[in-house]
Amino acid sequence: MEAAGEGGGGGGGGRPGGCGCKGIRCCLLCEAAAPPPQDYGPKVNFKKHKLKAGSFSGLPSFSQEIVARMRSHSMLKDFSPIEQCNLDYGPERGSAIDPHWDDWWLWGERLVSLNLLSATVLSMSCDLEDCLQLFPPFLQERKLTQSSVSPAASQEHQPKDPTSVGGLGNTTEGGTAFSSPTRSVPSKEVTVAIHLPRRSLVVLYGPARYRWKHAIYRNHVNSRRVCITFRELSAEFSRGGEQEELGKKLLKMALTYQGIPV
């Protein structure tokens, strides 16, 4: 499996050298010959907002069990993928993917990726002109501890200062007062590192999908990594959307699990 364009998903050809990289995806061997990417999905022109089945014949047979297991989780119980990209990262090729948002004209709320063979780091960044409140480690640990106890106990330990930022302003730890425990920093200066163990599943949705960009940096690919990324349809192609019928046709085709790479 060679890497396809993780950001847009589907559509567009590879680099002239045939390495399989496209769009924001890049590697050190982009000018060298390599196997074509394995991408299961409809033919898409994201710039012109055009979509057709093309040679799409469904998701691959081996994904049927993966999708069934994903649906056992409440967050993904109604997840019906329409596209699958098999991405192959290798340190010898310098594989990486730049910070980006996945398309949201065609692809829906949830992006689901299965991280295989080796661990890596998913880096999240934000370009918006606003600020974030950062909390000291001891407050973060306290929040995690409180979330593991009963609601009543959690409420008893909440700060009482109504002027505190986000309810976590001037608090005490072991009887010692801490002044201004939070600090505000520009969003552009923050990178959130999400550690992805081998065989882990990550779901991006909400602000992580539409507000924050995601990336895999070259220094975080230390050994071969295979990533299987699934995408669902946006509202435009779902029930009640302007292109509902086309969406139904493609989804029915996808879930036959008889696909070949396109």
Mind checking whether Trp105 and His49 have parallel, tilted or perpendicular rings, split at 30° and 60°?
-> parallel
Can you check side chain to side chain contact (heavy atoms under 4.5 Å, CB included) on Asp78 and Glu232, steps first, answer last?
-> CA-CA 10 Å; Asp78 60 345; Glu232 64 185 344; 5.9 Å; no
Where do Ile97 and Leu87 land on the side chain to side chain contact (heavy atoms under 4.5 Å, CB included) test, with the steps shown first?
-> CA-CA 11 Å; Ile97 185 165; Leu87 310 174; 5.9 Å; no
Would you find a donor on one side and an acceptor on the other, under 3.5 Å apart, between the side chain of Arg209 and the backbone of Asp102?
-> yes
What closest approach, in Å, do Gln84 and Phe62 show between heavy atoms, and which atom pair accounts for it?
-> NE2-CZ, 3.5 Å
Give the minimum heavy-atom separation between Thr256 and Met253, together with the two atoms involved.
-> OG1-O, 2.7 Å
So the side-chain hydrogen bond (donor to acceptor under 3.5 Å, both in side chains) pairs with at least one residue in residues 187-203 (sequence neighbours excluded) are Glu129-Lys188, Asp130-Ser187
Treat each ILVMFWY residue as a node, draw an edge where side-chain heavy atoms are under 4.5 Å apart, and state whether Val121 and Leu111 are in one component.
-> no
Any Asp88 side-chain heavy atom under 4.5 Å of Arg93 side chain | yes
Atom OG of Ser80 and atom CZ of Arg110: how far apart are they, to the nearest 0.5 Å?
-> 8.0 Å
Closest non-hydrogen atom pair, Ala208 against Met124 = O-CE, 3.6 Å
Does Pro197 offer a backbone N or O that forms a donor-acceptor pair with the side chain of Asn115 under 3.5 Å?
-> yes
For atom CZ of Arg71, is the number of surrounding heavy atoms from other residues, nucleotides or ligands below 6.0 Å larger than 12?
-> yes
Find out if a path of hydrophobic residues (ILVMFWY) with successive side-chain heavy-atom gaps under 4.5 Å connects Phe46 to Leu246.
-> yes
Run the side chain to side chain contact (heavy atoms under 4.5 Å, CB included) check on Ile66 and Arg69 step by step: do they pass?
-> CA-CA 5 Å; Ile66 298 175; Arg69 293 182 66 179; 6.0 Å; no
Nearest 0.5 Å, what's the CG-CD1 distance between Asp98 and Ile216?
-> 11.5 Å
Is there a side-chain contact between His220 and Tyr89 (heavy atoms, below 4.5 Å)?
-> no
Please round to the nearest 0.5 Å and tell me the distance separating atom SG of Cys85 and atom CD1 of Ile228.
-> 11.0 Å
Validation row: Phe237, Leu106 side chains within 4.5 angstrom (heavy atoms) | yes
Side-chain (Ser118) to main-chain (Arg224) donor-acceptor, under 3.5 angstrom | yes
Honestly curious: do Tyr217 and Trp101 fall in one hydrophobic cluster under the side-chain, below-4.5 Å linking rule?
-> no
Step-by-step salt bridge (Lys or Arg N to Asp or Glu O under 4.0 Å) determination, Lys248 to Glu244 | CA-CA 6 Å; Lys248 284 182 178 179; Glu244 176 183 357; 3.4 Å; yes
Between the main-chain N or O of Gly94 and the side-chain N or O of Arg218, is there a donor-acceptor pair closer than 3.5 Å?
-> yes
So do Pro81 and Val112 actually touch side chain to side chain, heavy atoms under 4.5 Å?
-> no
Between CG of Leu196 and CG of Leu122, what distance do you get to the nearest 0.5 Å?
-> 5.5 Å
Could you walk me through whether Trp107 and Ile82 pass the side chain to side chain contact (heavy atoms under 4.5 Å, CB included) test, one step at a time?
-> CA-CA 9 Å; Trp107 309 134; Ile82 186 67; 3.3 Å; yes
Is there a side-chain contact between Ser125 and Lys213 (heavy atoms, below 4.5 Å)?
-> yes
Interatomic distance, Thr120 atom OG1 to Ile194 atom CD1 [nearest 0.5 angstrom] | 11.5 Å
Would you give the length of the straight line joining atom CD1 of Ile260 to atom OG of Ser55, rounded to the nearest 0.5 angstrom?
-> 6.5 Å
Does any non-hydrogen side-chain atom of Glu109 lie less than 4.5 Å from one of Trp104?
-> no
Using a 4.5 Å cut-off on heavy atoms from C-beta on, say whether the side chain of Asn86 contacts that of Tyr40.
-> yes
Check the surroundings of atom OH in Tyr210: do more than 12 heavy atoms from other residues, nucleotides or ligands lie under 6.0 Å from it?
-> yes
May I ask you to test the Pro99-Trp212 pair for a side-chain heavy-atom distance under 4.5 Å?
-> no
Where is the tightest heavy-atom contact between Ser95 and Val221, given as atom of each residue plus distance?
-> O-CG2, 3.8 Å
Gln133 to Ser184 - nearest heavy-atom pair and separation = OE1-CB, 3.2 Å
Would a hydrophobic clustering, with Ile, Leu, Val, Met, Phe, Trp and Tyr connected at side-chain separations under 4.5 Å, put Tyr205 with Leu128?
-> no
